[in-house]
Number of protein chains: 2
Amino acid sequence: MNGRHSGRPTLEEVAVRAGVGRGTVSRVINGSPRVSDRAKAAVEAAIAELGYVPNRAARALAGNRTDAIALVIPEPETRLFAEPYFSDIIRGIGAELADTDMQLLLTLIRTPKERARFGQYLAAHRVDGVLLVSVHEDDPLPDLLEQLEMPAVLNGRRSDLESVSYVDADNVGGARAAVAHLIDRGRRRVATITGPLDMYVARARLDGYRQAMADAGLGGGAAGGGATGGSGAGEELIAAGDFTEEGGRRAMRELLARRPDVDGVFAASDVMAAGARAVLREEGRRVPGDVALVGFEDSAIARHMDPALTSVRQPTEEMGRTMARVLLEEIAERAAVRRHVVLATELVQRESV
Amino acid sequence: MNGRHSGRPTLEEVAVRAGVGRGTVSRVINGSPRVSDRAKAAVEAAIAELGYVPNRAARALAGNRTDAIALVIPEPETRLFAEPYFSDIIRGIGAELADTDMQLLLTLIRTPKERARFGQYLAAHRVDGVLLVSVHEDDPLPDLLEQLEMPAVLNGRRSDLESVSYVDADNVGGARAAVAHLIDRGRRRVATITGPLDMYVARARLDGYRQAMADAGLGGGAAGGGATGGSGAGEELIAAGDFTEEGGRRAMRELLARRPDVDGVFAASDVMAAGARAVLREEGRRVPGDVALVGFEDSAIARHMDPALTSVRQPTEEMGRTMARVLLEEIAERAAVRRHVVLATELVQRESV
DNA sequence: CGTGATTGTGGGAGCGCTCCCACTAGGCTT
DNA sequence: AAGCCTAGTGGGAGCGCTCCCACAATCACG
């Protein structure tokens with residue numbers, strides 16, 4: 001016994017057993033077509049008999065790749081992912097990776113120090129690709145990835161001009177549908193509580209609101225897909241939140257002060273909707289009687305609110321799947337073709353409107 | 001340009017630059033004490049100048065280890081982890097691993113096929129250790145791990161006799177405190193909605209309930225830490241749920257039918273508490289006026305229920321941290337010393353009792 | 001029947017580390 | 001002064017793969 005030898009069979013042993021050379025075994029394992037059926041069968045039999053499993057480290061070393069991708073989560077965001085959103089994304093990614101032998105590395109980035117460390121990581125090519133969740137407008141990581149020519153896929157995008165590959169939900173369409181629904185139900189003074197407008201996702205949802213209002217001839221919102229430019233009448237129906245419950249509260253109070261006659265509210269997140277709902281209760285407004293309410297995300301909170309919150313669902317698991325698929329494609333073809341995928345959202349109707 | 005050479009400096013280049021041998025550089029990197037200060041300084045300078053980062057694959061191949069641990073999540077459970085619970089555990093693990101250069105591999109196990117695959121994985125020693133989340137009573141994975149002598153730490157345990165290392169919350173104590181609180185507030189006919197009793201965690205929480213009832217001289221629950229044996233009077237105050245909202249509903253209806261005078265309910269999870277709360281509302285019972293309610297987990301749902309739910313908080317992030325720490329220790333010392341850690345819980349008081 | 005392409009194959013030469021053996025230089029003992 | 005530690009060091013020999021070159025066998029063609 002060698003002592004350091006782990007007892008696992010090696011490729012070499014498989015070769016001996018199958019009566020072929022190392023090269024042939026390697027070719028079989030990697031699915032090369034340049035192998036005779038006879039040799040292939042012999043090798044496969046030997047692999048089965050020996051219970052051979054290739055050594056990942058050796059492969060990585062010799063092949064200059066890692067068969068691993070990193071899922072990067074900036075720490076401040078982690079809380080947001082307490083929602084099904086995160087686990088659904090992960091489930092999707094996992095499902096797509098299941099048939100591959102890609103490993104999924106979980107990388108939390110908390111501090112600037114860890115960020116730098118991760119930069120080194122990437123530079124040292126310790127992963128074949130990167131999935132990046134919850135990117136901020138000013139996040140330099142995507143640019144770093146691009147510069148290193150590291151295959152990468154974002155969940156969401158930083159702006160309309162995003163160059164790195166991404167998979168995003170149709171935030172504009174979802175918001176538009178939500179607001180259109182409020183209007184369909186007869187609401188006329190429909191307000192919105194936005195997310196922080198330095199986030200693309202917040203701007204997109206605001207755009208959707210504006211479009212729906214303009215479609216209905218209400219408010220002064222600018223239609224069209226442009227940036228958040230409009231400042232016509234109706235701006236007083238727009239209050240800025242920050243995706244937190246407290247932000248939702250503040251924004252709702254503000255709206256109530258500015259337009260006591262508001263009869264519908266589209267909150268750009270369920271959490272903010274929950275905040276708004278609390279304020280409405282305090283102020284003695286009934287939901288949906290006096291004020292109808294729609295959220296965004298279709299989170300657990302939406303289902304457990306009283307009344308249950310109508311909300312826009314994102315195809316979260318599908319987004320995860322798609323992210324993984326796109327990344328694998330990008331890794332496979334070495335050319336840097338960027339892909340931009342936008343998946344449809346769906347309005348889930350409950351009792352709040 | 002070599003083409004296959006990635007351009008990253010190697011240990012050899014560092015050695016040349018520092019004017020020392022390969023062995024010395026390796027010793028510096030691995031923190032061996034057998035290096036002179038002079039050599040160490042020279043090597044460190046060379047590393048900094050060259051921006052050297054060790055090649056993980058080469059290390060793994062030569063050193064017969066991987067510097068990676070797997071976080072294993074059985075798929076059926078994933079939904080449960082939509083709650084902060086999961087992300088908190090991960091955050092804790094991440095925090096503990098941050099200063100290490102251990103990688104965290106995320107492994108979802110969905111199908112028996114994937115389970116088998118993961119078995120191979122382990123057998124091939126592709127990770128140095130395993131963190132296992134949400135183990136079921138009959139889960140064979142921990143036994144497999146033990147048999148392979150693979151360092152492993154469970155989140156929770158399968159039974160009181162668990163041999164594999166684990167980190168668990170004090171479920172008995174938490175439940176006991178919750179029920180004691182109900183009793184303190186003057187409730188006398190306190191019922192409990194249990195989880196599936198083939199899960200240890202559900203039995204432990206039921207034990208806590210029994211102990212608190214016995215302490216107060218109420219019900220016929222058996223005190224003491226033994227198994228779920230008691231079947232005295234008061235059993236009609238115990239209804240079985242399954243940790244789902246629907247299960248909570250069913251159990252609450254059952255309780256109401258058996259004991260219409262029930263005035264307090266301890267639900268073994270927030271989700272079941274939400275189900276119970278819905279039924280209570282339907283039946284026209286006020287919470288906490290007519291029936292006081294306590295949950296377990298202190299999830300987002302608890303905060304957003306109406307009234308906000310008093311619940312037992314687990315030190316989730318701390319559990320994650322501890323799991324990682326225990327695993328690292330187990331990996332470091334090659335001896336198979338099993339560790340069992342139980343962390344205290346805390347009652348978070350809100351409006352439902 | 002030669003010439004050249006094509007298919008299949010074996011095995012050498014690394015990939016970048018760690019392990020460990022051999023060796024030097026100096027300090028301590030007796 | 002001779003011996004014997006010990007601290008410190010260099011570098012050979014792998015770890016288990018992939019890549020690729022060389023070569024044999026087979027085939028198609030004129």
Side-chain angles (χ1 to χ4, degrees), chain A residues 1-43 46-47 50-68 101 123-126 128, chain B residues 1-43 46-47 50-68 101 123-126 128:
Chain A
M1 276 296 121
N2 187 313
R4 284 198 55 218
H5 191 264
S6 66
R8 309 291 317 164
T10 68
L11 181 141
E12 180 102 43
E13 297 172 49
V14 173
V16 171
R17 176 107 183 190
V20 300
R22 266 178 18 253
T24 300
V25 177
S26 178
R27 271 173 289 241
V28 170
I29 290 171
N30 294 293
S32 158
R34 303 245 157 287
V35 186
S36 68
D37 291 344
R38 229 171 48 73
K40 191 174 169 197
V43 169
I47 287 176
L50 264 41
Y52 169 74
V53 184
N55 179 314
R56 220 183 178 89
R59 260 187 147 163
L61 183 56
N64 204 35
R65 66 200 161 112
T66 63
D67 286 336
D101 63 348
H125 288 291
R126 300 227 274 229
D128 293 342
Chain B
M1 278 295 122
N2 187 312
R4 282 197 56 217
H5 190 264
S6 64
R8 307 293 315 167
T10 69
L11 181 142
E12 180 103 42
E13 296 173 50
V14 173
V16 171
R17 175 107 183 191
V20 300
R22 261 178 22 252
T24 300
V25 177
S26 178
R27 272 175 288 248
V28 170
I29 290 170
N30 294 293
S32 158
R34 304 246 157 287
V35 185
S36 67
D37 291 345
R38 229 171 49 74
K40 191 174 169 198
V43 169
I47 286 176
L50 264 42
Y52 169 74
V53 184
N55 180 313
R56 222 185 176 87
R59 257 187 150 162
L61 183 56
N64 203 36
R65 68 201 159 114
T66 63
D67 287 335
D101 62 348
H125 288 291
R126 299 227 275 228
D128 294 342

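Note: hydrogens, waters and symmetry copies are ignored here, and every other heavy atom, side chains too, is used. We name chains A, B, ... by the order of the sequence lines, and we start the count at 1 in each one.
What separates CZ of A:Arg38 from P of C:dT7 is a distance of 19 Å, to the nearest Å. Taking atom CZ of residue A:Arg34 and atom P of nucleotide C:dG10, one finds them 16 Å apart after rounding to whole Å. Atom pair A:Asn64:CG and C:dC17:P shows a separation of 12 Å (rounding to whole Å applied). In this structure, CG of A:Asp67 is placed 13 Å from P of D:dC17, rounded to the nearest angstrom. The interatomic distance linking B:Lys40 (NZ) with D:dA7 (C1') rounds to 15 Å, in whole Å. Between B:Leu11 atom CG and C:dC19 atom C1' there is a gap of 13 Å when expressed in whole angstrom units. Atom pair A:Leu61:CG and D:dC15:C1' shows a separation of 9 Å (rounding to whole Å applied). Put simply, CD1 on B:Ile29 is 9 Å from C1' on C:dC17, counting in whole angstrom units.
Across all strands shown, A:Ala39 has heavy atoms under 4.0 Å from sugar-phosphate atoms exclusively, and none from any base.
From A:Ile47, atom CD1 reaches atom CG of A:Leu11 across 8.0 Å, with rounding to the nearest 0.5 Å. Separating the CZ atom in A:Arg59 from the OG atom in A:Ser26 is a distance of 7.5 Å, to the nearest 0.5 Å.
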Can you check nucleotides 11-13 of chain C for protein contacts, nitrogen or oxygen pairs under 3.5 Å, and list what you find?
unit_1	atom_1	unit_2	atom_2	d
C:dG12	N7	A:Arg22	NH2	3.4
C:dG12	O6	A:Arg22	NH2	2.6
C:dA13	N6	A:Arg22	NH2	2.9

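Taking every heavy atom of both residues into account, A:Pro54 and A:Ile29 meet most closely at CG-CG2, 4.4 Å. Here the closest non-hydrogen pair linking A:Asp67 and A:Arg56 is O-NH2, 3.0 Å. Here the closest non-hydrogen pair linking B:Leu50 and B:Arg17 is CD1-NH1, 3.4 Å. Listed here is the closest heavy atom pair of A:Val53 and A:Arg8: CG2-NH2, 3.9 Å.
Between the side chain of B:Arg22 and the backbone N or O of B:Val14, no donor-acceptor pair lies under 3.5 Å.
Recorded end-axis angle for the helix from C:dC1-D:dG30 to C:dT30-D:dA1 stands at 40°, based on five pairs per end and rounded to 10 degrees.
Residue A:Ser36 has its side chain nearest to C:dT9 when only C:dT18, C:dT9, C:dC15 are considered.
For the salt bridge (Lys or Arg N to Asp or Glu O under 4.0 Å) test, no residue two or more places apart in sequence or in another chain qualifies with B:Arg126. In this structure A:Ala57 satisfies the side chain to side chain contact (heavy atoms under 4.5 Å, CB included) test together with A:Asn55, B:Ala60, B:Leu61, sequence neighbours excluded.
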The contact string for nucleotides 23-28 of chain C, one letter per nucleotide 5' to 3', using protein heavy atoms under 4.0 Å with B, S and - for base, sugar-phosphate only and none, comes out as ------
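DNA chain D is contacted by both A:Arg65 and B:Asp37; B:Asp37 maps to the nucleotide lying nearer its 5′ end (nearest heavy atom per residue).
Interface residues of residues 51-60 of chain B facing DNA chain C, ordered by number: B:Tyr52, B:Pro54, B:Asn55, B:Ala58, B:Arg59; criterion, heavy-atom separation under 4.0 Å.
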